[in-house]
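Shown next, in structure tokens, is the structure this report addresses.
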Protein chains: 2
Amino acid sequence: MTTRDRIVALADDLIRDRGINAFSFADISEEMGIKNASVHYYFPTKSSLCLAVIKRQQVALEEMISLAKKSAPLDRLEQYMSIYDRSKEADRVCLVGSLAPDLHTLNEDIRVALKEVAARILEWVTEILEEGRDEGVFRFGGNARSRALLIVTNMLASLQLTRLTKSEDFSIIKKSIIKDLTS
Amino acid sequence: MTTRDRIVALADDLIRDRGINAFSFADISEEMGIKNASVHYYFPTKSSLCLAVIKRQQVALEEMISLAKKSAPLDRLEQYMSIYDRSKEADRVCLVGSLAPDLHTLNEDIRVALKEVAARILEWVTEILEEGRDEGVFRFGGNARSRALLIVTNMLASLQLTRLTKSEDFSIIKKSIIKDLTS
DNA sequence: ATTTGCCTACCTACTAAAAGGTAGGTACAT
DNA sequence: ATGTACCTACCTTTTAGTAGGTAGGCAAAT
């Protein structure tokens, strides 16, 4: 991994651990054993670093979507949920859930990119649900996008809420979502 | 309203607008037309101010719960949801949803208080659901607490996600929750 | 009745640390 | 000899927080 990639990965981790406004270039440079100015060499501003984190997420998301393309709807849904599994293990929240509360402190570029991510996730889950219903493996009321909104909000907030309640609540939420859809 | 109460109300608004780590004592003192040091007179540290915000939320929550006590389950659920309505109108997120992503930057006192709030909300919604099911007005699979987890996560994240998608999505989510329970 | 003293609710003026960011230099690889 | 990937050494602003002062209200002591 290049230094640049390591910086972005570390920033991503810090943002999802404690929020965009609670980490500094010093946190990154110290952790990496380089100097403050060297981080600025790759990312002149904090905004540019944050944007890189989001763009990376976008790439990873597209990769996951196209990798899952051939799977059955239920498998695809479980793959979607597994994104949050990995976050939960490290007690991180998701990127959208970390940045949305601080949205009003972020510049336009970042807001646009974040909106794209949110829209893409919703689109993907909507697609999975539609296909699942057509195939008869999923049952749910309302249209697929409304159902996707419910599921995405469940997943997003589960990482946040279960920081405060019990960790087991995370898997309770996951199992309930699947059960609701398949029974 | 006393100066002290105005400070707490303003801090609450700022936290839910842009996050705990993106507002300063200067934001408060300027808005109120007093000096930085005067805010410190009431709240020696930022943590103590944040704690006061959470305690205020706890009081408001208990007030709402006891005020709603005699209402029917469906009305009580709608009263619970109306908390988020008021936030959505001002494009604010909820306190738990604002602080949870930044939890690792907060001290123990605050974490404990926030856990209490989260637990109390869950308890209340669980109660409403149980009673609604017993009375035959609500239908849902799984136990009441699991269902409460789903609904609370829906509401918490709806404020965050709909900052990024469309505002109408917020009422779509609300209506879907009610419809799922009552059909 | 007036003085004395204390409390509340601010103020001025400051500090130390941390923040994001910059200018310009260097060492090595191509 | 040019670019890449760092570095040293700054700067400015903002941050949370503090020390100590003051003006007015109240209340007991003289």
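First the proteins, then the strands, lettered A, B, ... as listed; each starts at 1.
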Distance from B:S176 atom OG to B:N154 atom CG, nearest 0.5 Å?
8.5 Å
Of all pairs that satisfy ring pair (Phe, Tyr, Trp, His ring centres under 6.0 Å), the ones with a partner from residues 24-48 of chain B, not counting sequence neighbours
B:F25-B:H40
For A:D91, enumerate each residue passing the salt bridge (charged side-chain N to carboxylate O under 4.0 Å, His left out) test, keeping only those at least two apart in sequence or located in another chain.
A:K88, A:R163
Can you pull the contact range of chain A along DNA chain D, 5' to 3', using atoms under 4.0 angstrom from its heavy atoms?
D:dT4 to D:dT8
Taking all heavy atoms of A:T162 and all of A:S158, pick out the closest pair and write down the distance.
OG1-O, 2.6 Å
Indicate, with a heavy-atom threshold strictly under 4.0 Å, whether B:Y41 touches base, sugar-phosphate, or nothing.
base
Contacts satisfying ring pair (Phe, Tyr, Trp, His ring centres under 6.0 Å) that involve residues 128-153 of chain B (not counting sequence neighbours) are none
Under 3.5 Å, is there a donor-acceptor pair between the B:S146 and B:N143 side chains?
yes
Identify, with sequence neighbours excluded, every residue that meets ring-ring contact (aromatic ring centres under 6.0 Å, His included) alongside B:F170.
none
If you measure only the distance, is there a donor-acceptor pair under 3.5 Å linking the side chains of A:T2 and A:D5?
yes
In residues 100-114 of chain A, which residues come under 4.0 Å of DNA chain C by heavy atom?
none
Partners passing side-chain hydrogen bond (donor to acceptor under 3.5 Å, both in side chains) against B:T165 (at least two apart in sequence or in another chain)
B:D169
Check side-chain hydrogen bond (donor to acceptor under 3.5 Å, both in side chains) between B:D180 and all other residues, then give those that pass, not counting sequence neighbours.
A:R147
Enumerate the residues from residues 29-38 of chain A whose closest heavy atom to DNA chain C is under 4.0 Å, giving them by residue number; use none for an empty result.
A:N36, A:A37
Once salt bridge (charged side-chain N to carboxylate O under 4.0 Å, His left out) is applied, do any residues pair with B:E30, and if so which ones, sequence neighbours excluded?
none
Nucleotide C:dT8, atom P - distance to CZ of B:R4 in whole Å
13 Å
Contact residues, residues 42-51 of chain A to DNA chain C [heavy atom, < 4.0 Å]
A:P44, A:T45, A:K46
Name the one of A:E131, A:E130, A:E135 that satisfies salt bridge (Lys or Arg N to Asp or Glu O under 4.0 Å) with A:R76?
A:E131
Taking ring pair (Phe, Tyr, Trp, His ring centres under 6.0 Å) as the cut-off, I'd like each qualifying pair that reaches into residues 82-123 of chain B, sequence neighbours left out, listed once.
B:Y80-B:Y84
